[in-house]
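Notes follow once the structure below has been shown.
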Amino acid sequence: MFESGGGVRSGVEVEAASLLADVVALDEVGRSCRAENRYAARKVLAAGRFWESWIERDVRLGSGDIVDCGNGAVAELAVRMGCSKTVAESHAALGMDLRLRLPLARAAFEAGELDLSRVRAISRETTGLKPETVAVLEPGIVAAARQLTPGPLAGEIGRLVAEFSAEEAAAQRETAQELGRRIVKRSRGTMSTIEVNVSPEEAEQVMQLVAEFAATVCPHDKRGKQCRLVDAVLAMMHGEPYLRCGCDRVDCTQAGRAALPGRRAPLTQITMDVATLVGLLSEPAYLHGHGLIDPELARKLAADGTWQALLTEALNLAEELGLVSHDEGPTSDANGAGERSAVGTVNDLESGPVADDEPADETKGERFAQAKADPPSSEAPLPPLPPRFCLRSYLARGSRRKAGYIPEFGMAPPPRSCTSPPPPAPTSIGTITDAILAAIEADPTLARPKHPDGHGGLTTPPDGALTYRPDAATAAMVHARDGHCRFPGCTRPAAGCQLDHIIEYRAHDPISGGWTIATNLHCLCQFHHQLKTLGLWTVTALPGHAMLWTSRTGTTALTLPAGAHGSHTLTTPAPRITGRRGHTPPPVTSPDPPPF
């Protein structure tokens, strides 16, 4: 052994010291887990008390007054907790359930002995049982929860219920069969998950059928087991008789099989810049119903699509690129329409390619692509512009292009070499939101709407502005810009939302109320639309269509448009929304009925 510091340490002493350090670390993990469970219990029980107080208030106000049945409380909790409405409601319901029905589980939860997932399993698996049944079984259930993980715990609770009360176990099964069958799509990052709730025996049948179908490939297939199972599900969905083998061998056992028919292209809607489409830029695209996707995937999907052009004002783009200053206006044409940039939309259609002059069909879905241009080089760089949040104005739709048509504006830039400096880090939505909220906190006047009349700065109403329902062109613009519900934390796709007037539309006096124009419309799901109508939340449209939400309790939150028509750049609200106004949009070819 070597002598170090105070003397010689034997191997046994070193091993004992290492073991002691491990024990200390494990003890710290255990204490942290118990502390985390205690704080989770406090959060859940507080959410339950808050929700219960709102429901009790609604009961007191039930003599003819409009009540929200606790929905306002759920929205408040969702914003404060930074989660979805569904998650907030589950926390509140669990807190109320623990207080009213599960005292032993609540005590163990508050003591840190049980975590949130186990307590949630206890609440879920005992729902619908008689109070006397719960009272008898709860001690054994809590004891089992200390030993079992949530999955086995749910099975143990089912066994206890079946042994104690077979009738209630059967009733629980029938209720689950009747109300629990559903299919849900969950989008997380670059992947989506399809969840299907069926009975246990049906689940076994599905997995057996999928496994048998996946086994139709030859032994030399290169895919893993899970990949083959997923591909088998997709092949069965498309009605194919067998799973295509991926071995690429000449002696493959599938060599003599009939060729598989072509798959029907799904109906998708994607928003992307034209410059990204042709390879000049690499900005993410927006897949409606999912979220952001990488530009390479968007280009791949665009290869089979049918394009439709949109026209938008390009003043905002020119200002962003430093081509004009804030005091300069756009170069107007003879009609005074200002600079315009072409925008394309892509559809995956069930039928073949469409002719160039075919009228637009909104019902088949659209993919919007917004053109961008590179700034011309100049000897002296322009002074930097103050950060802003800008918005483009919708003008019109153009004709369709044949499937596979991609505009050619130039060659793609050469790949970056190893010696090139790394590109600057992109600005996140959180950074943009923090900057806007910080600017508002420093100057509260920035939270005032520039056009509180809901006219978007227009002096005369354009076509359709005085009707309650927007036309298909305006609805398409709002859907593409917002992407999903504009309430904080809600991601319901725009196609499943309602179009709400930010400044209320006045049916008896449309000229003085909020107009039906893109700047005065936003997407809201039915749940959050009702909360705004009841006055529980108010919203202010800031420049660039950033929405500032405020509740009656003082909760505030800011949301940004998700579609590509909202400029996601680091911006602070300026006291105006840039872009030319006052023009009347040209008539739309073959207008479609609004999607209501």
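The structure presented is a predicted model; accordingly, all values stated were derived computationally and were not measured.
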* His501/Tyr468 under ring-ring contact (aromatic ring centres under 6.0 Å, His included): CA gap, chis, key distance, verdict -> CA-CA 9 Å; His501 290 80; Tyr468 178 71; 5.4 Å; yes

When you measure from the side chain of [X] to the backbone of [Y], do you find a donor-acceptor pair of N or O atoms at a distance under 3.5 Å?
X	Y	answer
Asn520	Ile503	yes
Arg492	Leu524	no
Trp515	Leu466	no
Trp537	Arg552	no
Arg481	Ala518	yes
Thr559	Pro488	no
His455	Gly513	yes
Thr556	Thr550	no
Thr555	Ser551	no

Please give me the minimum heavy-atom distance between [X] and [Y], naming the atom from each residue.
X	Y	result
Ala546	Ile436	CB-CD1, 4.5 Å
Val44	His91	CG1-O, 3.5 Å
Pro561	Arg486	N-NH2, 3.4 Å
Cys83	Ala88	SG-N, 3.7 Å
Ile440	Ala447	CG2-CB, 3.8 Å
Ile517	Ala465	CG2-CB, 3.9 Å

* **Whether over 12 other heavy atoms sit under 6.0 Å from Glu195 CD** =>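 Yes, because the 6.0 Å sphere around CD of Glu195 holds more than 12 heavy atoms from other groups.
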
* Does atom CE of Met191 have more than 12 heavy-atom neighbours from other groups under 6.0 Å away? ->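 It does not: Met191 CE has 12 such atoms or fewer within range.
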
Do [X] and [Y] have side-chain atoms, one donor and one acceptor, less than 3.5 Å apart?
X	Y	value
Arg469	Thr516	no
Asp471	Thr474	yes
His522	Asp482	no

Compare all side-chain heavy atoms of [X] with those of [Y] and state whether any distance is below 4.5 angstrom.
X	Y	answer
Trp549	Thr538	no
Ile194	Ile183	yes
Gln498	Cys525	no

* Asked: Arg506 and Ser512: side-chain contact (heavy atoms from CB on, under 4.5 Å), yes or no, with the steps?
  -> CA-CA 7 Å; Arg506 299 179 184 177; Ser512 62; 3.3 Å; yes

* Kindly indicate, with the supporting measurements, whether the criterion side-chain contact (heavy atoms from CB on, under 4.5 Å) is fulfilled by Ile511 and Asp509. => CA-CA 6 Å; Ile511 194 68; Asp509 188 12; 3.2 Å; yes

* Can Leu542 and Leu446 be said to form a side-chain contact (heavy atoms from CB on, under 4.5 Å), step by step? -> CA-CA 8 Å; Leu542 303 181; Leu446 295 177; over 6 Å; no

* Asked: Would Ser84 and Thr491 satisfy side-chain contact (heavy atoms from CB on, under 4.5 Å), going step by step from the backbone distance to the final call?
  -> CA-CA 8 Å; Ser84 66; Thr491 56; over 6 Å; no

